[in-house]
Amino acid sequence: MITFLELLVNGISIGAVYALIALGFVVIFKATEVVNFAHASLLLAGGYLVARLQPLTGFWAALVIGVAAAAVVGAAIEFLIIRRANVASHSVLAIVTIGVDIVLTTELTRQIGTEILALGDPWGDSVVHLGEVTVAETRIVALFTAAALITLFLLAFKYTGWGIAMRATAEDSETAALMGIRLGRVSLSAWAVAGALAAVAAVFLCVFPTPGLDRGTSLAAIKAFPAAILGGLDSTTGALVGGLIVGVTEALMTGYQNQLAFLGRGIGDVAPFLVMVVILLLRPAGLFGIRETARV
Amino acid sequence: MAATAPPPGDAGLEVSDLAVSYGPVRALRGVSLRVTPGSIVAVLGANGAGKTTLLRAISGTLRFHRGAVGGGVVTWAGTRLTGLPAPSVVARGVTQVPEGRRVFARMTVEENLRAGALGARGGSKGAAQAREQVLELFPVLGERAHQRAGLLSGGEQQMLAIGRALMARPSMLLLDEPTLGLAPLMAARIAETVKEINARGTSVLLIEQNVALAMSLASHAYVLEVGEVVLDGPSADLAAGDEVRRLYLGIAEAAGPAAAGERAAGRRTLSRWSA
């Protein structure tokens, strides 16, 4: 039971981080109908900048600069590539993002080499005891930070002019343009927000108990894809629920993998994708998605 | 260029010799029309005559349909609209209510109105004023402020679509088939509202299938057929002959070639029609 609770808390925490990544993914899809396969590299870029800057500036300044820089990288991808790609369909743009991902990831991997970069975060490896349940402090911080950012995002999405422009564009971009909404700005801001969220997520993917940022970090980010897809690519709620489902599934499957040995080792890494496949078989648009999957 | 070039400093909407094509398909050819400030002008024509294309060319949304202006120019209050993206057209005071209402169904009525104000000039004070006027015109939108727009009736959605466009405080309103699919009573109400909006100083370019209604609203009307203006004049004159009805419904015998022939000889005169 204690193991279960520990796994559950860890799962929810990592799930909240996946939700941050998935949220960025969904925001881009809603605003531009582009499936952004470059998201993992965006995340790696954010994490890399924080890791490289923190010996010079300290963790907090590095975090702020890294998040801002990731937002700029996201915006730059939109402004320099997506906006200028004169292509007929959104699926072609999705393939363009695969190209961007390869270029960015290759370069960052080369920079990182075989190093494991410490994030220099203030939480280190301290743990918190809640009764008999022991949880790493980083997991608690991750959970609360993610929850706070998600709340902030959802409030902005619901109440600000930016949120209304975003939702109007997602629903009907031509009519949004007729209302005077500048689609380019909406798209640019979506990419910037996605980049910033990814950078925060990167930090929490690399802190304890993970040894640090290495070239495999972007692989961890890929688990946010099933989170976004099983929730429904066009649903912010879906991203949150999907993130939690993926996080908890992964944590439980990894935690109980000795009992699940008949499924083979490393089932925890595969589990998110299995869940995604099962959910898509039952609901092709994802749990909360409303668009037909043919559109993707 | 059309012979009807506006005198310098002239206000109003002026479409001169406009040609539009969607790839190889030519949708408009040599279309010229004008809306003098403060008036209501109607554009009539059968489906596929190019009415919606004309509005798209004015509002800058052709690019959403892979269409492009091949020639001619649209000016508003002396400034050129041709080539501007839709938000810049809105910013200059020309707002379109799209065909089929196209309200943001997943957003509330209130949010739809806010969306309408996003491209407006005049800041939050202007938006508050506009909102007040819209709710005065359509009290039902105030009652339903927190309902999802998708749950409104067709007539209410049309009111919302018009109200949303008015949030941008346009001086020129483009209406694409505002009574389409509405019950006669509701259509009459929308017509009343259009008259009211116009009385408050907004010029209106109205596309309508309902000729009687359009003629009762507009001071001047144009008839489009296969992408060309085949007839225009004061609506009272046009309404006098029922030929206009036959022509725009496309049941007049050999209307196409005849129209082309007569174009060469200059536009049909109204005297022929009222005779």
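Below, read A as the first sequence line, B as the second, and so on, with proteins coming before strands; counting in each chain starts at 1.
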Problem - Largest heavy-atom contact set with chain A, pairs under 4.5 Å, which of A161(B), A168(B), S88(B) - result: S88(B)

Heavy-atom neighbours of [X] [atom1] exceed 12 at 6.0 Å:
X	atom1	answer
R189(B)	CZ	no
E132(B)	CD	no
Y159(A)	OH	no

What part of [X] is in contact with chain A, defined as an atom under 4.5 angstrom from a non-hydrogen atom: side chain, backbone, both or neither?
X	result
V103(B)	backbone
T95(B)	side chain
F64(B)	side chain
A105(B)	both

Practice task
For R167(A) and F104(B), indicate whether the former's side chain and the latter's backbone hold a donor-acceptor pair under 3.5 Å.
Solution key: no

Problem - E111(B) side chain to I164(A) backbone, donor-acceptor under 3.5 Å - result: no

Considering all heavy atoms, the nearest [X]-[Y] contact:
X	Y	result
E174(A)	R56(B)	OE2-NE, 4.4 Å
V90(B)	L178(A)	CG2-O, 3.1 Å
A115(B)	M179(A)	O-CB, 3.6 Å

Handout entry: D172(A) CG to M107(B) CE distance, which is reported to the nearest 0.5 Å
Key = 11.0 Å

